[in-house]
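Proteins get letters first, then strands, A, B, ... in listed order; numbering begins at 1 in each.
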Amino acid sequence: MNLWQSKFILQGIQEAFVKLNPFTLWRNLVMFIVEIGSIITSIVTIIYIINNQSYSLSLQITLWLWATVLFSNFAEALAEIQGKARAASLRSTRENISATILLDGGKSETVSAALLKRGDVTVINEGEIIPGDGDIIEGTALVDESAITGESAPVIRESGGDRCGVTGGTKLISGKITVKITVNEGESFLDHMIGMVESAKRQKTPNEIALNILLVSLTILFIVVVFTLPAFMRYMGMATGISILMALLVCLMPTTIGALLPAIGIAGMDRLLQHNVVAMSGRAIEASGDVTTVLLDKTGTITLGNRMATEFITAEGTDRNGLMQAALYASIADETPEGRSIVALAKKELKIHGRDIRQPEESRFIPFTPESGMSGIDLKTKKIRKGAYKSIEAYIKKSGGFIPDEIRRTADRIGLEGDTPLVVAENRRAIGLIRLRDVVKLGIALRLAQLRRMGIQSVMITGDNPLTAASIAAEAGVDDFMAQAKPETKLEIIRKYQHQGQLVAMIGDGTNDAPALAQADVAVAMNAGTQAAREAANMIDLDSSPTKLLDIVEIGKEILITRGALTTFSIANDVAKYFAIIPAMFAVKYPHLGILNIMHLASPSSAILSAVIFNALVIPALIPLALRGVKYRVTTVSSLLQKNFFIYGIGGLILPFIGIKLIDLLIALFAMI
Amino acid sequence: MKQFKISILIFLVLSFVFGILYPLSMTGIGQILFPKKANGSVVFLNGRIIGSELVGQSFKSPWYFHGRPSVVNYDASNSGASNFGPTNKKFIDQVREAAERVKRENGLPADAKLPPDMVLASASGLDPDISLESALVQVNRIARVRGIDRPLVIEILNKTREKQYFNLFGNSFVNVLKLNLALDDLQKRK
Amino acid sequence: MYYYDIIFITSFFILLIISSVLLGKYMAGLYDGKRTFLSPVIRPLELFIYRLCGISETEEMTWKRYARAFVIFNATGIAFLFLLQTAQGFLPLNPQRLPGVRWDTALNAAVSFVTNTNWQSYGGETTMSYLTQMLGLAVQNFLSAGIGMAVVLPLIRGFISRESETVGNIWVDLTRSVLYILLPLSIVVCLVLISLGVVQTLKPSLIAHTLEGAQQVISVGPAASQIAIKQLGSNGGGFFNANSAHPFENPTFLSDLVENFSILLIPFAFVFMFGYMIKKSRQGRALFMVMLILFIMGLGIMLYAEYQPSPALTHAGLAAPVNINMEGKETRFGVLWSALWSQSTTVTSNGSVNSMHDSFMPLSGLVQMFNIGIGEVIFGGVGVGLIGMLFYVILSMFVAGLMIGRTPEYLGKKLGPYEMVMAMISMLLPMIALVIFSAIAISTAAGISSLNNPSSHGLSEILYAYSSAHGNNGSAFAGLNANIVFYNCTLAAGMLIGRFATILPALAVAGSLAKKKIVPDSGATFPTTGVMFIIVVISVIIIMGALTFFPVYSLGPILEHLFLNELKLF
């Protein structure tokens, strides 16, 4: 979405004027004071004009002061428009949708989606738009969520699991589902998001509040400094006009950051949205910049989530082909990813590509049950079983066979290496093992290394045994892991880390993640997750991508960096403005102080005007930066600080000297004064 | 209320320790260990107190080396400075006046450059010292008035002068009272 | 400057830093409740005092109780001192039959000594009886210093404690400060000073018959015991009118070294103590570097200004040796040691002088006023100086800390809106008040009639007076006659604002920090020991000071400097 279209610009300008209303502007105290200053200089200028005094300087100062306020309003308006435009495109999909509500007693009624209430149960048929956020209570569906996520591939949602959540505005491609609406109209996160980008409704975050306190305090200080100045000047035999004092005040006040602060916050929300993350509060975004620990589920986040067969190991006296054949038969009807990976590996090793393998006749597939701990197949001549060592051992012993010691040792060794051994038994004899390995996702190690460079430790949570966990942890490069974790362990771990003072982030989707999400400082729920998880979280990832945390942390940091950078810039700017205005005010009476006019500005009037103009123009000049954010690059803290300090601190010191001088030259060129 | 009581009690107790015990015991120990110094480093001449070697005194007669200008006129029951700012016209006028006087008293040419401490008032008004340069400016006058040879005056000056850092390094200055006493001593012996 | 000047001044600082590191370690142990080598002697006295006053050594206070006790203790001191002065006419130990002190002078002096300012609008010998001096003013030298040392401890504890409600016990902190630190050091310094010629006697004034036959009355008194604590405790109130320029207060170069050393010792040590107490001595060293660099910068400017011959003096026919700007300076100290003292006394809120600040070159005056005006944070007064610096650090972390992409924190404590409010009050309220008071003074007849110097320098005199009051410094451009109702009252108000607006917010922040968790140090936290941190804090201090004072300074010292260069006199 290109923000710099004339449509947006025009709308921004229009809103900039609307925002002049002091009753709304007072929320931004710094700009409110600038507006009061503008009003005062306007009155003074009018009096000058009436009294036929020379008013040119006063008039120009007044115009630029008004421009300062307008530029500030424009920045805020532009950020809002950007966010609203994104939200509006989402919302438009929901208009004119009707919903079929199931009433008690089996009847149904068709109402507008806007009238849906929490608890309503609606039926959605193939091709319809889902009317509101809710959980599927019946049915399985293929849903196109591209309206929200931009992702074109449809996703599967079904009742009863952790993937039962649907979002209003998305389209049902196939299937028929019954959905229980979980939020009232106006409370869905789309509505929430729209609220977040409207500054009037936006709650200030603690850091924004603190920064505002700083800005307001500095403003008070400068008011005192500027308005006591006439007393000292009178003692030294000088006088000055109110317009010039106002000009000095506005130049000294931290108007740059004051003007852009709301825009930075709004733009931050919008940037999250670009990454398909909806934040439920600004506070959460800020906290994400501070995260020191991230909790990652092993399955699905770090690993692909499926253990794959990687090796066949024969027992002594067993034919390797026989083992593979047996494994193949045992797995042929096993639709689990593990089973399929065994089939694939066996086919590859046996070089039987493409040849169709069918379940032999008169065979019976024995599915996996938790009690038996194994699965297999009963053929005419033999019974083949595969399963964990313990299960197979029990099975064989029961039928009077024995397991060679070698098998046990090999199973232990595979376990020690962090993989999972599957023992294959034929009748009463263990004939070999299959090594199953959890495969780490491509590129995850790199991202975790990045996290570490950002000073964030990663903790892997898994239900696996410690050995398996350690092996995966080492391969992926996580800093810590928690093996044999039950769902409730997550909550304990979060509490433990928080007690150490860490700020913990986690991604969750299941209902049993909800308590942990509620406890975590930054809690991201996957959009596909259950309603409980989404309610407990403070951010929702529309893509349901488990590695999204990294982007979120980066955006959080960028918002904070942008604030810090512009504050530093704004304050550093004041030095140059002093050097422009102070000599201009004093040097008429005391030419000695002309030595402070190090920029050699043409005249006192042009010096003051240049400073005011620079002060105003720097706001629109920095709008793109405020909206885009200061880029965060993963690097050491010291070099990051150094870079930003030099750019915005030292740069903020030097740039206005150049800027004011150039403006002064232009003023002289066009004889504006 | 409890804090109020503690506050008053501890205030009284500490007042006793620091207002009475501490100064009195320091006075006692000081008087025992360093009786001369503790009582003001008094200089006696023929059994009479003629001053303190640390405190400057007023010398007006041509017979003696003169000290620095003093705002309190070397009144050692008082002390103080001019507190003139560097751009105060009155200050610079006084400096010019003093310079005129010093040049006149010592028979110096009108364009002579004077050592600053000779015409600038000290901080305490009781500065016992002058710089060596200021003493040298006065040597001719002393020799003339006292009728002794200039080298002799310089010799005494050299004997009396001190260096700022433990008398080893630094700018030389001289204690005016000690210098004048040494001069008187010399002439008495003659 | 000559090579030996540089050798001396360098060795002075090396010795000072070594001593203050050792003292800092000792103090950290003391305040942590460990036994010290002095415990065998002092512990019984300490316990005796606790028993006598009903203090429970193990009782911990919340910040609010701590603050309330602090206010009560100060109010007690002010009330007692005020009554003692106004009633001295009816009290014993008043051989000169001095009447009760005028109300406004008494109020000013009471506030001044209790707030550790020791601004003196009166002449000591002619206003205060012996009883007032001993039981009133001298006692406050210890108490105001001791309480100033105590109140920084809650803030330090706030950084170390985790989720705690309490911040320490003010009475224990006070008692330990005065008994284990101030008293032993004062005894040593006092005896050394006596051995160098500082008077310590109860005998009457000496009557001397000078060589020229005139009579000279020489004031003496128990000066050494008071001078020791006035330097050690950042007090600065002189025994004699000329303060430490007086030969009996500061008789030799060596005594000058000892006293200058005493001025800086405890303020230096506090910074190191901070590092030891938080168990991160590198943090203490980083703050020390910030202060030392600012100190050296100021000293450099001052030495440059003082070694430049004043054009007015060369024009008046004076030679231009090294020590040319000797107006208001003593021969035995010369320009160098006067400037070092001046820098030391203005940065530490000590306020004693061995030369007259009013007569320094304009740019030196600028440095002096800046040191005080930024709130006495370059080492600063005992204890409270560290508070001021920590507030600047908090501000720096707010501005620059964001630039690493984290919400501001310092030493693992997150800094939120509450800390920001308190830092702003502590930092800006004194500055704002000082500018407003100065503006009022310069606009009123009462204010201007007291000036000793016209034009720019007069403006500087007023500015300096209010800076000194708000910074609790106590030194003066002494030409200003401040003993009138207007100045006595406004300066007293300034001193109260300077004291309470620094300490009460510090206690509030202490309470808030103590409750917080400590975020463990990770690779992502702002490195508060590095060069960048030092640069950032220094920049913030200089910019804050410059932004506040640039307009007035340009009309005061800067303009005067330019006048002087063009030989424009008033």
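- In terms of heavy-atom pairs under 4.5 Å with chain A, the best-connected choice from C/Ile440, C/Leu463, C/Val552, C/Asn565 is C/Val552.
- A/Tyr578 contributes a side-chain N or O that, together with a main-chain N or O of C/Leu547, makes up a donor-acceptor pair within less than 3.5 Å.
- Interface check for chain C: of the options A/Val630, A/Asp574, A/Thr636, the most heavy-atom pairs under 4.5 Å are formed by A/Asp574.
- Annotation for A/Arg452: atom CZ counts as buried by contact number, over 12 foreign heavy atoms lying within 6.0 Å.
- Distance check: A/Asn212 CG to C/Met420 CE gives 10.5 Å after rounding to the nearest 0.5 Å.
- What you find for C/Pro408 and A/Asn207 is that their closest heavy atoms are CD-ND2, 3.4 Å.
- Contact tally against chain C (heavy-atom pairs below 4.5 Å) for A/Gln642, A/Glu286, A/Met585: the top residue is A/Gln642.
- Among C/Met427, C/Lys414, C/Glu419, the residue making the largest number of heavy-atom pairs under 4.5 Å with chain A is C/Lys414.
- Neither the backbone nor the side chain of A/Ile223 comes within less than 4.5 Å of any heavy atom in chain C.
- Here the closest non-hydrogen pair linking A/Met238 and C/Leu555 is CE-CD2, 3.4 Å.
- For A/Thr292, the part lying near chain C is the side chain, with the backbone staying farther off; criterion is any non-hydrogen pair under 4.5 Å.
- In this structure, the portion of A/Leu229 lying under 4.5 Å from any heavy atom of chain C is its side chain and not its backbone.
- Of all the listed residues (C/Ala423, C/Gly412, C/Gly556, C/Ser456), the one sharing the greatest number of non-hydrogen pairs under 4.5 Å with chain A is C/Ser456.
- Heavy atoms of C/Thr525 lying under 4.5 Å from chain A belong exclusively to its backbone.
- The candidate with the highest count of non-hydrogen atom pairs below 4.5 Å against chain A, out of C/Pro551, C/Ser443, C/Ser539, is C/Pro551.
- Looking at A/Ile257, there are no atoms closer than 4.5 Å to chain C (heavy atoms on both sides), in backbone or side chain.
- Considering every non-hydrogen atom in both A/Ile561 and C/Met403, the closest pair reads CG1-O, 3.7 Å.
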inquiry  = Go through it in stages, so that I can follow the logic: the residues are C/Leu428 and A/Ile220, the test is side-chain contact (heavy atoms from CB on, under 4.5 Å), and I'd like the CA-CA distance, side-chain angles, deciding distance and then a yes or no.
reply    = CA-CA 9 Å; C/Leu428 298 187; A/Ile220 295 170; over 6 Å; no
request  = Begin from the C-alpha positions of A/Leu214 and C/Val399 and carry the test side-chain contact (heavy atoms from CB on, under 4.5 Å) through to its verdict.
outcome  = CA-CA 9 Å; A/Leu214 170 68; C/Val399 178; 3.9 Å; yes
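- Interatomic distance, CG of C/Leu559 versus CZ of A/Phe586, reported as 9.0 Å (0.5 Å rounding).
- Between C/Tyr553 atom OH and A/Phe232 atom CZ the span is 10.5 Å, to the nearest 0.5 Å.
- The number of heavy-atom neighbours closer than 6.0 Å to CD1 of A/Ile595, taken from other residues, nucleotides and ligands shown, is 12 or below.
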inquiry  = Run the side-chain contact (heavy atoms from CB on, under 4.5 Å) test on C/Phe550 and A/Leu596 for me, step by step, so that the C-alpha distance in whole Å, both residues' side-chain angles and the decisive distance to 0.1 Å come before the verdict.
reply    = CA-CA 11 Å; C/Phe550 187 75; A/Leu596 294 178; 4.0 Å; yes
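- Per-residue counts of heavy-atom pairs under 4.5 Å with chain A were compared for C/Glu409, C/Met424, C/Lys568; the largest is that of C/Met424.
- Of the residues considered (A/Val553, A/Thr567, A/Thr228), A/Thr228 shows the highest number of contacts with chain C, using heavy-atom pairs under 4.5 Å.
- Within the 4.5 angstrom heavy-atom criterion, only side-chain atoms of C/Ile448, from C-beta onward, approach chain A.
- If you tally non-hydrogen atom pairs under 4.5 Å between each of C/Ile558, C/Val519, C/Ile462, C/Leu415 and chain A, the highest count goes to C/Val519.
- Although no hydrogens or angles enter the test, the distance criterion places a donor-acceptor pair under 3.5 Å between the side chain of A/Asp290 and the main chain of C/Thr407.
- To the nearest 0.5 Å, the span separating CZ on A/Phe646 from CE on C/Met532 amounts to 5.5 Å.
- With a 4.5 angstrom heavy-atom cutoff, C/Leu451 touches chain A only via side-chain atoms.
- Atom-to-atom distance recorded for A/Leu593:CG and C/Phe563:CZ is 7.5 Å, nearest 0.5 angstrom.
- Top candidate by heavy-atom pairs under 4.5 Å with chain C, chosen from A/Leu640, A/Leu221, A/Val225, A/Val575, is A/Leu221.
- Highest contact tally toward chain C, considering only A/Ile213, A/Leu211, A/Ile559, is held by A/Ile213 [criterion: heavy-atom pairs under 4.5 Å].
- Proximity to chain A is limited to the side chain of C/Leu395, based on heavy atoms less than 4.5 angstrom apart.
- For C/Lys516, no part lies under 4.5 angstrom from a heavy atom of chain A.
- A distance-only check finds no donor-acceptor pair linking the side chain of C/Tyr418 to the backbone of A/Ala210 [under 3.5 Å].
- In this structure, chain A has a heavy atom under 4.5 Å from the side chain of C/Met544, while its backbone stays farther away.
- The part of A/Ile582 that comes within reach of chain C is its side chain, from C-beta onward, which places non-hydrogen atoms under 4.5 angstrom from that chain.
- Neither the backbone nor the side chain of A/Phe227 comes within contact range of chain C; no heavy atoms are under 4.5 Å apart.
- Contact annotation for A/Met236: only side-chain heavy atoms (C-beta onward) come within less than 4.5 Å of a heavy atom of chain C.
- C/Gly405 and A/Leu560 make their closest contact through O-CD1, 3.6 Å (heavy atoms, listed as atom of the first residue, atom of the second, distance).
- With values rounded to the nearest 0.5 angstrom, C/Ile518 atom CD1 is found 12.5 Å from A/Gln502 atom CD.
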